[in-house]
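I'd like to ask you about the structure that follows.
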Amino acid sequence: MGIAAPRRRALPAIARPSWRRPSPKRLTQSFVLTFVAVALLAGFLSPLIRSASISIKSAQQVNALGAPIYPADTQKFLYNGKSLDVYQVPIEGTVRNLALVQGGRSSSQFIDPQDTAAGVITWQGSYRALSPAWVLAPHLENYNNAWNLIKFPQLLFNTVMIALIGMIGTLVSCTLVAYGFARFRFPGRNVLFIILIASIFLPGFVTFVPTYTAWVFLGVTKPDIGYLSWAPLLVPTFFANAYDVFLMRQYFLTIPREMDEAAAMDGAGPFRTLISVILPQSWPVVIAVGIFHFIYSWNDFFGPLVYLSTKPELQPLAVGLASFNAIRAVREPGVVQAGTMLTLIIPVVLFVIFQRVFTRGIVITGVEK
């Protein structure tokens, strides 16, 4: 008598995951959010796109009626030694680019640039109602003209030096002040910190006149004899500012105090603890503060305009470009916009390089251990 083979259990059917095909409601929400994000991004970047387009246009292209957003000239065609204008002509349900041989009010004669052997084509209508054909014609020489006419190398050097020296002063002073508020206990610490934060709400224009008077009284700025320098723009950066101190203090507070105590047990003093313990863990906020000040100094216009008004050789890009704009904005708008685009290169490159660290520095979170 044979032994019956054991029955095989049927494997349960694998249920199809419900997430494989999103619901129509979720697809609609995703489409709406994407559309809104793209629309907002396009609106935000539209001025930049327009400036970039004008920067490679000639004055004739900027002022041409009906010209496209990209740099373009009206298309021409050389026929029998004559330069003919090319128009977009609707013929038999299609639009063709034809060169105007002879225009008229009721009928016009054209020739096909692609097939001149076909002879003259008569079109019923006035050529004035037609749109001209455009051909791409960028003027990259605007950037070379801006580089030379604005004296871009000198202005760029001034801007970079003012921004770098000011950034160093801001990082050094704000780091020391923020470290003191974050780690040391002394009488009146909270009151002083509140007063410091309250100064953020004080507009800079309110204190500008007293500050300017103080610089003149100290002899650092003497506009009557033409003695001007970068000192009023750089010296204040070595005395900290409320916004950056607050940002760095909040980041320092996320670093556990046990690390300070361990460093103290190894014989490290407060300054050594700052250099060896705090700063190595605070590079995100240090880079964020540095970029903040660099961009602010790069775009600062009012301060350099007042303190360096009669010294073009000391002025930064913002002031030099504004002066150039006032003189050539009408005659050479493309050159002005080319200078504007040149001033954007370095800040954009810095942001792209340090984007990840910059984002970590401004988002204050707890320390996961």
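This is a predicted model, so every value here is computed, not measured. Quick note: residue numbers are just sequence positions, from 1.
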Give, for atom OG of S173 and atom CD1 of I168, the distance between the pair rounded to the nearest 0.5 Å.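 It comes to 11.5 Å.
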Please check if L350 and L48 belong to a single hydrophobic cluster, counting links between Ile, Leu, Val, Met, Phe, Trp and Tyr side chain heavy atoms closer than 4.5 Å. yes
Closest contact, heavy atoms only, W134 versus L65: CZ2-O, 3.9 Å
Minimum heavy-atom separation for A242 to I200, with atom names?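 Smallest interatomic distance, heavy atoms only, reads CB-CG1, 3.4 Å.
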Looking at W123 and I91, would you say the former's side chain and the latter's main chain have a donor-acceptor pair under 3.5 Å? no
Would you check if F77 and L98 make a side-chain contact, meaning some heavy-atom pair closer than 4.5 Å? no
hydrophobic_cluster_shared for I278 and M248, side chain cutoff 4.5 Å: yes
Within the supplied structure, the quantity of interest is the number of heavy atoms (other residues, nucleotides, ligands) at a distance under 6.0 Å from F239 CZ; does it exceed 12? no
Does either side chain, that of S51 or that of Q337, offer a donor lying less than 3.5 Å from an acceptor on the other one? yes
Say whether, by atom type as modelled, one donor and one acceptor occur between the side chain of Q315 and the main chain of L308 under 3.5 angstrom. yes
With a 3.5 Å distance limit and no angle check, can you tell me whether W298 reaches the backbone of T343 through a side-chain donor-acceptor pair?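 Such a contact is found between W298 side chain and T343 backbone.
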Rounded to the nearest 0.5 Å, how far does CG of N97 lie from CD of Q88? 5.5 Å
Would a distance-only check, ignoring hydrogens and angles, find a side-chain to backbone donor-acceptor pair under 3.5 Å from Q61 to A137?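 Yes; judged by distance alone, with no hydrogens or angles, the pair exists.
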What are the two closest heavy atoms between I295 and P347, and how far apart are they?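 The pair with the smallest heavy-atom distance is CD1-CB, 3.4 Å.
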May I ask you to check whether W147 and Y143 place their ring centers less than 6.0 Å from one another?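 Between Y143 and W147, which both carry aromatic rings, the centre distance is not below 6.0 Å.
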Report yes if the side chains of F301 and P316 come closer than 4.5 Å at any heavy-atom pair, otherwise no. no
For G119 and I111, which heavy atoms make the closest approach, and how far apart are they? O-CG1, 3.8 Å
Short question: side chain of N63, backbone of A59 - any donor-acceptor pair under 3.5 Å?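 Answer holds: yes.
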Is there a donor-acceptor contact under 3.5 Å linking the side chains of Q154 and N158?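 A pair is found: one side chain offers a donor N or O, the other an acceptor, under 3.5 Å apart.
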Could you tell me whether the side chain of S199 and the main chain of L196 form a donor-acceptor pair under 3.5 Å?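 Yes: the side chain of S199 pairs with the backbone of L196.
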Has the side chain of D112 got a donor or acceptor atom that lies under 3.5 Å from a matching backbone atom of A118?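 No; zero donor-acceptor contacts below 3.5 Å.
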Taking the side chain as every heavy atom from C-beta outward, state whether V101 and F110 have any pair of such atoms under 4.5 Å apart.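 No, side chains not in contact.
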Could you state the interatomic distance from CG (L314) to OG (S309), rounded to the nearest 0.5 Å?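 That separation rounds to 11.0 Å.
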Looking at CD of E141 and NE2 of H139, how far apart are the two atoms once the value is rounded to the nearest 0.5 Å? 6.0 Å
Would R189 pass as a cation-pi partner of F184, given that its NZ or CZ must be under 6.0 Å from the six-membered ring centre and within 45 degrees of the axis? no
Close side-chain approach of K76 and D85, heavy atoms under 4.5 Å: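 Of all side-chain heavy-atom pairs linking D85 with K76, at least one is under 4.5 Å.
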Taking the hydrophobic residues Ile, Leu, Val, Met, Phe, Trp and Tyr, and joining any pair whose side-chain heavy atoms are under 4.5 Å apart, which ones share a cluster with M265?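 Under the 4.5 Å side-chain rule, M265 groups with nothing.
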Taking I195 as the starting point, is it possible to reach L247 by hopping between hydrophobic residues whose side chains are less than 4.5 Å apart?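 No, L247 and I195 fall in different hydrophobic clusters.
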Write down the atom of K57, the atom of N142, and the distance for their closest heavy-atom approach.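 It is O-ND2, 2.8 Å.
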Taking side chain as C-beta onward, heavy atoms only, is L321 less than 4.5 Å from L317?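 The answer is no; the side chains never approach within 4.5 Å.
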Are F181 and F252 an aromatic pair, judged by ring center distance below 6.0 Å? no
State yes or no: are the ring centers of F302 and F205 separated by less than 6.0 Å? yes
P236 vs W215 side-chain heavy atoms within contact, under 4.5 Å: yes
In the structure I gave you, are the side-chain heavy atoms of P304 and D300 within less than 4.5 Å of one another anywhere? yes
Quick check: is I194 connected to Y243 through a chain of hydrophobic side chains (ILVMFWY, heavy atoms under 4.5 Å apart)? no
Would you call the rings of Y296 and H293 parallel, tilted or perpendicular, where under 30° means parallel and over 60° means perpendicular?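 Rings of Y296 and H293: tilted, as their planes differ by 30° to 60°.
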Would you say T213 and P210 make side-chain contact, with heavy atoms under 4.5 Å? no
Any sub-3.5 Å donor-acceptor pair from T273's side-chain atoms to G269's backbone N or O?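 A pair under 3.5 Å: yes.
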Go through the steps to decide whether L84 and L100 satisfy the test side chain to side chain contact (heavy atoms under 4.5 Å, CB included), and finish with yes or no. CA-CA 6 Å; L84 305 180; L100 178 64; 5.6 Å; no
Between S108 and G125, is there a donor-acceptor pair closer than 3.5 Å when you use the side chain of the first and the backbone of the second? yes
Please check if atom CZ in R257 has more than 12 non-hydrogen atoms from other residues, nucleotides or ligands closer than 6.0 Å. yes
Does the plane of the ring in F208 sit parallel, tilted or perpendicular to the ring in Y307? Use 30° and 60° as the thresholds. tilted
Take atom CD in E313; do more than 12 heavy atoms of anything else shown fall under 6.0 Å from it?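 Enclosed: over 12 neighbouring heavy atoms sit under 6.0 Å from CD of E313.
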Please report the interatomic distance CD(E261) to CG(D266), rounded to the nearest 0.5 Å. 12.5 Å
Nearest-0.5 Å distance that lies between atom CG in L155 and atom CG in L342: 11.5 Å
Classify the side-chain pair E332/N145 by whether it contains a donor and acceptor separated by less than 3.5 Å.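 Looking only at side-chain atoms, N145 and E332 do not form any donor-acceptor pair under 3.5 Å.
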As a quick check of understanding, evaluate side chain to side chain contact (heavy atoms under 4.5 Å, CB included) for D260 and R183, giving each step before the final call. CA-CA 9 Å; D260 298 26; R183 284 300 194 258; 2.6 Å; yes
Taking all heavy atoms of L171 and all of V286, pick out the closest pair and write down the distance. CD2-O, 3.5 Å
Verify same cluster id: F186, V191 (apolar side-chain graph, 4.5 Å):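 No, separate clusters.
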Pair T221, Y212: side-chain N/O donor-acceptor within cut-off below 3.5 Å: no
Do T237 side-chain atoms and L233 backbone N/O form a donor-acceptor pair below 3.5 Å? no
